[in-house]
Amino acid sequence: MAAALSERDVRAVRRRGKYLWLVLDDEESVVIHLGMSGQFRVGDQGVPGNPAHLRVEADLADGRTLQFFDQRTFGGWEFAALQEVDGELVPAPVAHIARDPFDPKFDPAAVARRVRAKRSAIKRVLLDQTVLSGVGNIYADESLWRARLHGEQPAAGLSPRKTAELLDALAVVLGESITEGGTSFDSLYVNVNGESGRFSDWLAVYGQEGKPCRRCGSAIRREAFMNRSSHYCPRCQRLP
DNA sequence: CAGTGGCCCTGTCTGC
DNA sequence: TGCAGACAGGGCCACT
């Protein structure tokens with residue numbers, strides 16, 4: 001990769017959901033995923049990363065250094081051909097990834113129809129990147145709380161109105177998290193300048209087990225879900 | 001073909 | 001003090 005990237009121009013940097021990619025020319029790109037602990041740093045600013053977790057280092061033409069750190073190694077870089085999908089040029093590994101809520105062509109009505117056509121629990125559907133992208137465990141829990149929905153509720157049983165409400169809640173949650181600088185619990189999660197986000201102060205249910213619900217005061221519960229956790233308010237978010 | 005769940009990884013924390 | 005096990009979670013893939 002180092003040899004192939006040497007002296008190459010990066011014409012654009014694009015993203016969809018949790019994937020981002022560097023456009024090298026009309027045919028080729030480098031697809032990057034942060035996994036759960038990947039992060040970029042511009043080397044001459046902010047707090048230096050842990051050298052043990054430095055995976056990629058690139059010297060930029062302006063003299064700065066771009067570094068990619070990843071502690072838990074779920075992230076990665078790969079070369080990928082660009083291909084046209086639904087009127088958009090995307091790398092092959094991203095072809096199956098649906099548009100995210102910030103995409104100008106994101107169609108809430110169409111996504112709501114797809115959600116309601118799923119024979120699965122609503123939280124699983126929110127995490128399905130082929131339905132809509134950009135939503136992980138934290139934002140799924142937060143948006144379900146906002147929309148007063150239990151994650152185990154069958155997606156097919158949701159009314160069109162409730163589904164629209166959930167997608168609205170999701171857009172608010174994602175928007176506010178970006179404003180707050182992302183979800184960060186410790187020094188592991190920082191932006192390119194080494195600054196930590198404060199979104200965790202803002203979380204209503206995620207990681208709040210035992211604490212009172214902001215709306216009704218009931219103790220927030222945590223349950224095992226797909227080898228991770230679901231957090232919810234037992235009073236505000238009931239199964240019908 | 002859609003849906004389900006196990007597993008990959010590393011560092012930190014908890015409980016015995 | 002030391003060690004085992006739980007936990008964090010995005011996405012792939014084998015299985016139903």
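So that the names make sense, note that chain A is the first sequence line, chain B the second, and so on, each numbered from 1. These numbers come from a predicted model, not from an experiment. Basis for what follows: all heavy atoms, side chains included, without hydrogens, waters or symmetry-related copies.
A residue-by-residue look at A:Thr73 and A:Met226 shows that A:Met226 has its nearest nucleotide of DNA chain B further toward the 5' end.
Contact check, A:His96 against C:dG11: no side-chain N or O comes under 4.0 Å of OP1 or OP2. An OP1 or OP2 oxygen of C:dG11 is reached within less than 4.0 angstrom by no side-chain nitrogen or oxygen of A:Arg72. Between A:Ser229 and the phosphate of C:dA8, there is a side-chain N or O to OP1/OP2 separation shorter than 4.0 Å.
Rounded to 10 degrees, the angle separating the terminal helix axes of the helix from B:dA2-C:dT16 to B:dC16-C:dG2, each built from five base pairs, is 60°.
Checking side-chain atoms of A:Asp70 against main-chain N and O of A:Gly75 turns up a donor-acceptor pair under 3.5 Å. Within the 3.5 Å criterion, the main-chain N or O of A:Val135 finds a donor-acceptor partner in the side chain of A:Lys18.
Among the heavy atoms of the strands lying under 4.0 Å from A:Asn227 is at least one base atom, whether or not backbone atoms are also near. Counting any heavy atom pair closer than 4.0 Å across all strands shown, A:Tyr19 reaches sugar-phosphate atoms only and no base atom.
Between C:dG11, B:dT10, C:dA8, one nucleotide has an atom nearer to the side chain of A:His53 than all others, and that is B:dT10.
In the region residues 118-136 of chain A, proximity to DNA chain C at under 4.0 angstrom, judged on heavy atoms, holds for A:Gln129, A:Gly136.
Using a 4.0 Å cut-off between a side-chain N of Lys or Arg and a carboxylate O of Asp or Glu, A:Asp86 and A:Arg99 qualify as a salt bridge. Between A:Asp141 and A:Lys123, at least one side-chain N (NZ, or NE/NH1/NH2) sits under 4.0 Å from a carboxylate O, which counts as a salt bridge. Salt-bridge annotation for A:Asp168 and A:Arg146: absent, with no side-chain N of the basic residue lying under 4.0 Å from a carboxylate O of the acidic one.
A cation-pi arrangement is not found for A:Arg55 relative to A:Trp77, the charged atom failing to lie both closer than 6.0 Å to the ring centre and inside a 45° cone about the ring normal.
By the criterion of side-chain heavy atoms lying less than 4.5 angstrom apart, applied directly or through intervening Ile, Leu, Val, Met, Phe, Trp or Tyr residues, A:Leu22 is not grouped with A:Val90; the two fall into different hydrophobic clusters.
Per the geometry, CD belonging to A:Gln71 stands 5 Å off C1' belonging to B:dT10, to the nearest Å. One interatomic measurement links the two molecules: CG of A:Asp70 to P of C:dG10, which rounds to 13 Å at whole-angstrom precision. A:Ile97 has its CD1 atom 12 Å from the P atom of C:dG10, to the nearest Å.
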Step by step, would you call A:Arg114 with A:Val125 a side chain to side chain contact (heavy atoms under 4.5 Å, CB included)? CA-CA 9 Å; A:Arg114 276 210 69 191; A:Val125 176; over 6 Å; no
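In this structure, A:Tyr19 and A:His96 have perpendicular ring planes: the angle between them is above 60°, well past the 30° mark.
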